[in-house]
Amino acid sequence: MLPIDIHAAQNLALTEELKQDAELRAVHAELLSLDPFGERFAAVLRDTIDQLLNGEITGRYDWGKLNKTERTHAGTLVEINLQREFDFADGQAMDYQIAGIEVDCKYSQKFGGWMIPPEAKGHLCLLVWADDYKSRWSAGLFRVREEWLNHGSNRDAKLTVKAEHRDKVLWLWRDADLPENVLLHMNPVDREAVFALKSGQQRLNELFRRAQKRRIGRNVVRTVAQQKDYMKRVRGNGGSRSALRPEGILIMGDYDTHRMVAKNLGLVIPGEGEFVSVRVIEAKEDQAGRPCVNLEGKDWTVATEDDPVVSAPELPAHTSAR
């Protein structure tokens, strides 16, 4: 995520009128204080999309597979889930009160497609966009003014922001990284190989074989396993972690000890509820420049395609099984 000072630089071109909007600046400051790098906001968007996909029941991973009613409901879910995450007070006229100021929330999967109701005129809107295909999202604040709006002809008389006035949005986070929908972005051949298997355990094993060095979130595991005890299917004692050890594959979870292994191997570090898999091999003396981790008294490094398959070591102990 972009740090605050870069976001501030992106907003230097704001008009003097917006700079003097005390409410706009107060809400902007409050939201950045709650989530300086947008990590909580991005997690809400990722979880909301996954909630709509409902992969555990449907096996879906693609926004395009949602029906019209489900897509329409996305805005309501984003509004609800943001309020739950940040504990925004209920608004009197709009959705929320943030820093004591009325704020409406509008989400669109198409950038610029925010549908603003007539009653929001004069108020602040939190405009949110996320695109699962691009793995990008944005959120900004907009003062709803008549002259900055397109007047649509839809039944609800809802309005959109004129393209030339999108510069009136005070961005909180602009074109930031959305946590990846791994199944959507996998090589189609690999994805088909995963879903071709009959049992949830087999599918998970294949996922961790084929989606190495990538963060695999809880919802991906749920979609692939399609079983209520899906997290159990990742663990040792019969899960993917023990099943893939003979193939040299480690599966790091979100424990500090596992994160340190991932860091030492030069991999992405799993966040809360995430896993990262990788095939390893015992490091050789001539591989001194490669990232290594010491496990079971030996140095291990990430295997290449040319390296032989050897059994992986045990991961460091942690306080509870995952």
Side-chain angles (χ1 to χ4, degrees), residues 1-2 4 7 21-56 63 66 69-132 135-144 156 158-161 169-179 181 217-219 222 271-273:
M1 295 297 171
L2 295 172
I4 297 174
H7 287 295
D21 189 331
E23 289 188 344
L24 187 81
R25 290 186 287 108
V27 174
H28 186 268
E30 176 68 10
L31 288 172
L32 284 181
S33 73
L34 292 170
D35 192 13
F37 301 106
E39 294 171 345
R40 294 170 65 189
F41 215 107
V44 168
L45 293 173
R46 173 75 272 149
D47 289 345
T48 301
I49 293 170
D50 291 336
Q51 182 181 351
L52 284 161
L53 292 169
N54 193 17
E56 181 181 345
W63 176 275
L66 297 176
T69 301
E70 289 173 315
R71 291 195 297 271
T72 302
H73 191 47
T76 301
L77 282 180
V78 168
E79 172 199 326
I80 292 169
N81 291 340
L82 284 174
Q83 186 167 30
R84 286 175 177 168
E85 173 66 24
F86 294 102
D87 197 26
F88 297 140
D90 287 333
Q92 297 297 315
M94 298 289 101
D95 294 323
Y96 315 135
Q97 285 190 31
I98 302 174
I101 299 161
E102 296 278 330
V103 179
D104 213 32
C105 179
K106 293 301 168 193
Y107 167 81
S108 177
Q109 206 255 345
K110 178 183 177 182
F111 188 82
W114 306 289
M115 303 300 292
I116 300 171
E119 59 268 24
K121 289 179 184 178
H123 290 284
L124 294 178
C125 269
L126 175 62
L127 303 180
V128 185
W129 163 77
D131 189 321
D132 215 11
S135 298
R136 312 299 290 175
W137 70 278
S138 297
L141 294 163
F142 177 72
R143 173 70 72 182
V144 181
D156 298 326
K158 289 187 177 179
L159 315 167
T160 57
V161 181
V169 179
L170 179 59
W171 294 107
L172 292 144
W173 306 280
R174 182 72 174 88
D175 205 29
D177 293 331
L178 182 70
N181 181 339
R218 182 182 287 112
N219 280 303
R222 179 186 292 138
E272 183 179 355

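Numbers here simply count residues along the sequence, with the first being 1.
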All heavy atoms of Ser138 vs all of Trp171, minimum pair found to be CB-CZ3, 3.8 Å
Could you pull out all residues at least two apart from Glu23 that satisfy side-chain contact (heavy atoms from CB on, under 4.5 Å)?
Asp21, Ile101, Leu124, Arg143
Checking side chain to side chain contact (heavy atoms under 4.5 Å, CB included) for the pair Val44/Val78: CA distance, chi angles, key distance, verdict?
CA-CA 8 Å; Val44 168; Val78 168; 5.6 Å; no
Nearest heavy-atom approach of Tyr107 to Ala130 is OH-O, 3.3 Å
Return yes if some donor-acceptor pair links the side-chain N/O of Glu79 with the main-chain N/O of Cys105 below 3.5 Å, else return no.
no
Could you pull out the closest heavy-atom pair between Trp129 and Gln109, with the gap in Å?
NE1-O, 3.2 Å
If we only count heavy atoms from C-beta on, is the Trp173 to Leu32 side-chain gap below 4.5 Å?
yes
With rounding to the nearest 0.5 angstrom, report the CG to CZ distance, Leu170 to Phe142.
12.0 Å
Considering all heavy atoms of both residues, which atom of Gln97 and which atom of Glu102 are nearest to each other, and what is their separation?
NE2-OE2, 3.4 Å
Test side chain to side chain contact (heavy atoms under 4.5 Å, CB included) on Leu178 and Ile49; report intermediate values, then the result.
CA-CA 11 Å; Leu178 182 70; Ile49 293 170; 4.1 Å; yes
What verdict does the side chain to side chain contact (heavy atoms under 4.5 Å, CB included) test give for Asp35 and Phe86, after you've listed the backbone C-alpha separation in whole Å, the side-chain angles of each residue and the deciding distance to 0.1 Å?
CA-CA 9 Å; Asp35 192 13; Phe86 294 102; 3.9 Å; yes
Minimum side-chain heavy-atom gap Val103-Met94 below 4.5 Å
no
From Leu53 atom CG to Glu70 atom CD, the distance as rounded to the nearest 0.5 Å:
8.5 Å
So does Asp131 pair up with Arg136, basic N to acidic O under 4.0 Å?
no
Exercise: do Asn81 and Gln51 side chains pair donor with acceptor under 3.5 Å:
yes
Under 3.5 Å: donor-acceptor pair, side chain of Glu30, backbone of Ala99
no
Here the gap from Leu82 atom CG to Asp87 atom CG, rounded to the nearest 0.5 Å, amounts to 12.5 Å
Measure the CG-CG distance between Asn219 and Asn54 for me, rounded to the nearest 0.5 Å.
9.5 Å
Do the side chain of Gln83 and the main chain of Phe88 share a donor and acceptor less than 3.5 angstrom apart?
yes
Parallel, tilted or perpendicular, as decided by the 30° and 60° cut-offs, for the rings of Trp137 and Phe41:
parallel
Listing, residues 113-122 side-chain donor-acceptor contacts under 3.5 Å, not counting sequence neighbours, or none:
from, atom 1, to, atom 2, distance (Å)
Trp114, NE1, Val128, O, 2.9
Lys121, NZ, Glu146, OE1, 2.7

Which distance, rounded to the nearest 0.5 Å, do you find between the OG of Ser135 and the CG of Asn181?
7.5 Å
Can you name the one residue among Leu141, Leu126, Leu172 that meets side chain to side chain contact (heavy atoms under 4.5 Å, CB included) with Val27?
Leu141
For Arg46, which residues count as a salt bridge (charged side-chain N to carboxylate O under 4.0 Å, His left out) partner, sequence neighbours excluded?
Asp50, Asp132
